[in-house]
Amino acid sequence: MLPRSAYIDSPDVVARRLLGKLLVRSTESATLIARIVETEAYLGTDDPAAHAFAGRTARTEVLFGAPGHAYVYTIYGIYACLNVSCEPEGHAGCVLIRALEPIAGLPEMTANRGLAAGARPAALTAGPGRLCRALDITRAEFNGIDLTDASSTLQARDDGFAVRDRDLAITGRIGVNKASERPLRFALMGHPCVSKGKFHKL
DNA sequence: GGAGCGATGTCCT
DNA sequence: GGACATCGCTCCG
């Protein structure tokens, strides 16, 4: 289990730290496991691209709370996106989970995505909307849950997977209109589940 | 393979 | 009323 202390740092630090860690989603019938391979940092009230930029509202309340909690929101009316709150309580930084590598429970993820059996694993969880569908993460059920709680049906764990510095890639944010030039998107270089783009070596 | 576009909930002005 | 941290389908090459 990743302890709460792992989330207390600034979003860019936590975004790098989360690469290579596991997301564990427990359902009634299966345990779905996937490794985090792409993240994006949002810097809170100082970041024009962040939801928290507009201030503390009912919607962004989770972001201002204790670190290590899930912030799930709906985008374009259809898709859910999963973030993890970081920084000390009262500060609104967060990290968006952009892509995962499926490790266990691939049949369930494939079914959740509505894909045919045998679909490419890289297609299951590459993209923030896709990975929420694959892991059955909804705003109604998961917004505000504690990822460090052993009883949570969504947890973050460290299985000892080592990420070398030379495997880290960094680039500007995508899908964002404001402050997109900031180098706040992190990924494992060359990983098949990471969308292609102009990543630089860190 | 890549560009264009529609679907559609929730929040804020 | 408009914007939005997306995706998958279409059409065109």
Side-chain angles (χ1 to χ4, degrees), chain A residues 7 10-16 18-19 23 34 36-65 67 69-87 91-102 109-144 147 154 156 169-187 192-199:
Chain A
Y7 303 98
S10 64
D12 57 319
V13 171
V14 176
R16 265 171 285 195
L18 287 178
L19 289 177
L23 276 183
I36 299 170
V37 298
E38 185 178 345
T39 59
E40 195 162 317
Y42 287 87
L43 304 182
T45 48
D46 296 329
D47 182 356
H51 287 181
F53 184 69
R56 192 166 185 157
T57 67
R59 175 209 199 187
T60 60
E61 186 62 29
V62 174
L63 294 173
F64 290 87
H69 288 250
Y71 170 62
V72 183
Y73 68 93
T74 307
I75 189 65
Y76 298 113
I78 307 176
Y79 300 102
C81 292
L82 172 66
N83 299 250
V84 183
S85 66
C86 50
E87 297 192 294
H91 295 261
C94 69
V95 174
L96 170 68
I97 309 299
R98 292 201 59 90
L100 306 172
E101 172 194 4
M109 294 186 200
T110 304
N112 288 342
R113 287 289 318 284
L115 299 175
R120 275 176 58 243
L124 293 177
T125 52
R130 290 171 175 174
L131 68 91
C132 284
R133 278 204 62 186
L135 297 184
D136 192 21
I137 294 171
T138 59
R139 171 170 146 85
E141 192 176 349
F142 285 92
N143 190 43
L147 297 178
L154 182 65
I170 183 170
T171 191
R173 297 186 292 197
I174 59 174
V176 177
N177 292 320
K178 308 159 201 161
S180 61
E181 75 288 353
R182 297 190 193 180
L184 292 172
R185 183 177 168 219
F186 305 93
C193 296
V194 174
S195 54
K196 288 171 185 151
K198 289 195 172 181
F199 281 100

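Values in this document were obtained by computation on a predicted structure and should not be read as measured data. Each chain gets a letter, A, B and so on, in the order its sequence line appears, and its residues count up from 1.
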Distance in Å, A:Leu124 CG paired with A:Leu100 CG, rounded so as to fall on 0.5 Å steps: 10.5 Å
Rounded distance in Å - OH (A:Tyr73) to C1' (B:dT8): 15 Å
Nucleotide nearest A:Arg130 (side chain, heavy atoms from C-beta), chosen from C:dA5, B:dG9, C:dC7: C:dC7
Interatomic distance, A:Ile170 atom CD1 to A:Arg182 atom CZ [nearest 0.5 angstrom]: 13.0 Å
Sugar-phosphate, base or nothing in reach of A:Cys94, heavy atoms under 4.0 Å: base
Sugar-phosphate only, base, or nothing, as touched by A:Arg113 at under 4.0 Å among non-hydrogen atoms: sugar-phosphate
Lys/Arg-Asp/Glu bridge criterion (N-O < 4.0 Å) met for A:Asp136, A:Arg113: no
Side chain of A:Tyr79 (C-beta onward), nearest among B:dC11, C:dA5, C:dT6: C:dT6
Short side-chain N/O contact to B:dC11 OP1/OP2 from A:Arg139, under 4.0 Å: yes
A:Thr57 side chain near B:dC12 phosphate (N/O to OP1/OP2, under 4.0 Å): yes
Non-hydrogen atoms of A:Ala126 and A:Ala122 that approach each other most closely: CB-O, 3.2 Å
Counterpart base for B:dC12, defined by Watson-Crick or G-U wobble contacts under 3.5 Å: C:dG1
Whether over 12 other heavy atoms sit under 6.0 Å from A:Arg120 CZ: no
Separation of C:dT6 P from A:Glu40 CD (nearest whole Å): 8 Å
Atom-to-atom span, CD1 of A:Ile75 to C1' of B:dC12 - whole angstrom: 14 Å
Verify stack between A:Tyr42 ring and C:dA5 base, 5.5 Å, 30 degrees: yes
Distance, rounded to the nearest Å, where A:Ile78 contributes CD1 and B:dG6 contributes C1': 8 Å
Sugar-phosphate, base or nothing in reach of A:Gly77, heavy atoms under 4.0 Å: base
For atom NE2 of A:His51 and atom C1' of B:dG9, their distance in whole Å: 13 Å
Nucleotide C:dT6, atom C1' - distance to CG of A:Leu131 in whole Å: 11 Å
Distance test, side-chain N/O of A:Arg185 to OP1/OP2 of C:dA5, below 4.0 Å: no
Whole-Å gap separating P (B:dC12) and CZ (A:Arg56): 14 Å
d(CZ, A:Arg133; P, C:dC7) in whole Å: 11 Å
